[in-house]
Amino acid sequence: MTLEADVSDLWDRYQDGLTAADATDEDAAVVDEFLAALEAGEVRAAEKTGDDVTSWEANEWVKRGILLNFGLRETEAREYGGVTYHDVLPLRDTDDLGERGTRNTPDGTAIRRGAYLGSDCIMMSPSFVNMGAYVGDGTLVDSCDTVGSCAQLGENVKLGANTLIGGVLEPVEDAPVIIEDGVSLGAGCRVTSGFRVGENSIVGENTLLTPRIPVYDLVEEEVIYGHLPAERRAFTRMVESSVGDHDLFEGGAYKPAVVATHVEEDTLEATQREDALRE
């Protein structure tokens with residue numbers, strides 16, 4: 001049987017009432033093999049099926065495999081950096097990172113089991129990469145960043161400090177966040193609820209990207225939800241709210257929106273200057 005078939009079979013048994021106490025050594029071997037495949041980049045939580053950023057599709061069986069690692073494991077006391085913590089999973093073994101040129105600075109970088117980090121990545125302290133996440137070659141995860149469960153980050157992505165990339169587990173989402181190749185997110189950005197950012201886009205600091213907030217794409221002159229097209233410069237602006245004429249809001253009420261326009265040459269040059277940090 002294939003790994004996908006093994007995971008699917010185990011999921012069916014779990015749905016029928018299989019518990020961590022009932023799981024056999026053979027069951028444990030399946031979930032361990034699944035984690036190893038995630039860490040090797042052989043299995044991913046989502047795949048791009050076309051040319052556009054909207055063509056990403058979630059691999060439902062992979063999300064189920066991740067959920068099995070919580071449902072069929074017991075919480076245990078574990079050690080990391082001389083500190084005892086309690087979790088169902090240990091942190092990821094990082095012995096393979098150095099040989100690929102990837103570095104994680106001490107002492108607050110945490111990479112959970114089942115996370116993939118490519119070659120020449122940088123993880124600054126403190127930062128956290130959760131189970132099922134995929135971090136492509138040359139990507140920078142800056143200080144105080146979180147890469148949520150199953151989030152898919154492409155190559156040469158730059159996450160500014162204090163940036164949150166949402167996951168699919170808490171709360172449970174249908175699809176992971178997608179950040180394509182060459183994207184730069186400014187400090188304090190939040191990307192949640194399966195939002196997808198197209199390649200080579202540059203997002204201004206403190207921008208919230210979520211399917212519930214409209215994106216006013218000035219390039220194509222349309223309002224879109226759930227994704228930012230490729231090669232856009234995006235930033236937050238306030239637009240008039242539907243409750244703007246309420247008596248409680250003196251001067252009107254407004255809500256956040258995202259404005260997307262062409263990437264300007266000076267903006268592109270500013271992001272490229274940061275490449276010196278990687279050499």
Main-chain N/O of [Y] paired with [X] side-chain donor or acceptor, under 3.5 Å:
| X | Y | value |
| --- | --- | --- |
| Asn200 | Glu231 | no |
| Ser143 | Ser125 | yes |
| Ser119 | Asp137 | no |
| Arg232 | Ala230 | yes |
| Arg190 | Gly188 | yes |
| Ser149 | Val168 | yes |
| Arg92 | Ala115 | yes |

For [X], does the [atom1] atom sit with more than 12 other heavy atoms under 6.0 Å from it, leaving out its own atoms?
| X | atom1 | answer |
| --- | --- | --- |
| Glu221 | CD | no |
| Asp93 | CG | yes |
| Glu79 | CD | yes |
| Asp174 | CG | no |

Partner set under side-chain hydrogen bond (donor to acceptor under 3.5 Å, both in side chains) for [X], not counting sequence neighbours:
| X | value |
| --- | --- |
| Thr105 | none |
| Asp22 | Thr19 |
| Asn206 | none |
| Thr210 | Thr192, Arg212 |

Indicate, with yes or no, if [Y] and [X] share a hydrophobic cluster defined by side-chain heavy-atom contacts under 4.5 Å among Ile, Leu, Val, Met, Phe, Trp and Tyr.
| X | Y | answer |
| --- | --- | --- |
| Ile178 | Ile224 | no |
| Ile66 | Leu3 | yes |
| Phe34 | Leu18 | yes |
| Leu164 | Ile213 | no |
| Leu35 | Val30 | yes |

Whichever hydrophobic residues join Val219 through chains of side-chain contacts under 4.5 Å: none
For [X] and [Y], which heavy atoms make the closest approach, and how far apart are they?
| X | Y | result |
| --- | --- | --- |
| Val258 | Leu208 | CG2-O, 3.6 Å |
| Gly182 | Val157 | N-CG2, 4.3 Å |
| Ala133 | Val129 | CB-CG1, 3.7 Å |
| Asp145 | Gly160 | OD1-O, 2.7 Å |
| Ala257 | Tyr216 | CB-CE1, 3.6 Å |
| Pro256 | Thr236 | CB-CG2, 4.4 Å |

Roughly how far, to the nearest 0.5 Å, is the [atom2] atom of [Y] from the [atom1] atom of [X]?
| X | Y | atom1 | atom2 | result |
| --- | --- | --- | --- | --- |
| Arg196 | Ser55 | CZ | OG | 8.5 Å |
| Ile202 | Leu228 | CD1 | CG | 11.0 Å |
| Asp142 | Ser127 | CG | OG | 8.5 Å |
| Leu159 | Leu153 | CG | CG | 5.5 Å |
| Leu97 | Thr102 | CG | OG1 | 6.0 Å |
| Cys121 | Ile111 | SG | CD1 | 9.0 Å |

Which is it for Ile179 and Val191 under the side chain to side chain contact (heavy atoms under 4.5 Å, CB included) test, yes or no, and what are the steps along the way? CA-CA 9 Å; Ile179 311 293; Val191 189; 4.1 Å; yes
May I have all residue pairs that pass side-chain hydrogen bond (donor to acceptor under 3.5 Å, both in side chains) and include part of residues 30-45, sequence neighbours excluded?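 The answer is Asp32-Arg73, Glu39-Arg113, Arg44-Gln152.
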Quick check: do [X] and [Y] have side-chain heavy atoms less than 4.5 Å from each other?
| X | Y | value |
| --- | --- | --- |
| Trp61 | Val43 | yes |
| Leu117 | Met123 | yes |
| Pro211 | Phe195 | yes |
| Val147 | Thr163 | no |
| Asn59 | Glu47 | yes |

Under the criterion side chain to side chain contact (heavy atoms under 4.5 Å, CB included), I'd like the reasoning laid out for Glu76 against Val88: C-alpha separation, chi angles, the key distance, then a yes or no. CA-CA 6 Å; Glu76 300 179 21; Val88 294; over 6 Å; no
Go through Tyr14 and Leu72 one step at a time and tell me if the side chain to side chain contact (heavy atoms under 4.5 Å, CB included) criterion holds. CA-CA 8 Å; Tyr14 175 65; Leu72 298 182; 3.7 Å; yes
Residues forming a side-chain contact (heavy atoms from CB on, under 4.5 Å) with [X], sequence neighbours excluded:
| X | result |
| --- | --- |
| Phe128 | Ala110, Arg112, Asn130, Thr146 |
| Ala58 | Ala175, Pro176 |
| Glu205 | none |
| Glu74 | Ala20, Ala21 |

Can Met131 and Leu89 be said to form a side chain to side chain contact (heavy atoms under 4.5 Å, CB included), step by step? CA-CA 9 Å; Met131 182 182 187; Leu89 287 174; 3.4 Å; yes
Output side-chain donor-acceptor pairs under 3.5 Å for residues 4-13, partner residues at least two apart or in another chain, one line each.
| from | atom 1 | to | atom 2 | distance (Å) |
| --- | --- | --- | --- | --- |
| Ser8 | OG | Glu4 | O | 2.9 |
| Arg13 | NH1 | Asp27 | OD1 | 2.9 |
| Arg13 | NH2 | Asp27 | OD2 | 3.1 |

Tyr116: ring-ring contact (aromatic ring centres under 6.0 Å, His included) partners, not counting sequence neighbours: Tyr134
Whether Glu180 and Lys48 form a salt bridge (side-chain N of Lys/Arg under 4.0 Å from carboxylate O of Asp/Glu) is what I want to check.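 Result for this pair is yes, salt bridge flagged.
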Chi angles and distances behind the salt bridge (charged side-chain N to carboxylate O under 4.0 Å, His left out) call for Glu240, Lys255: CA-CA 6 Å; Glu240 188 173 347; Lys255 61 184 179 181; over 6 Å; no
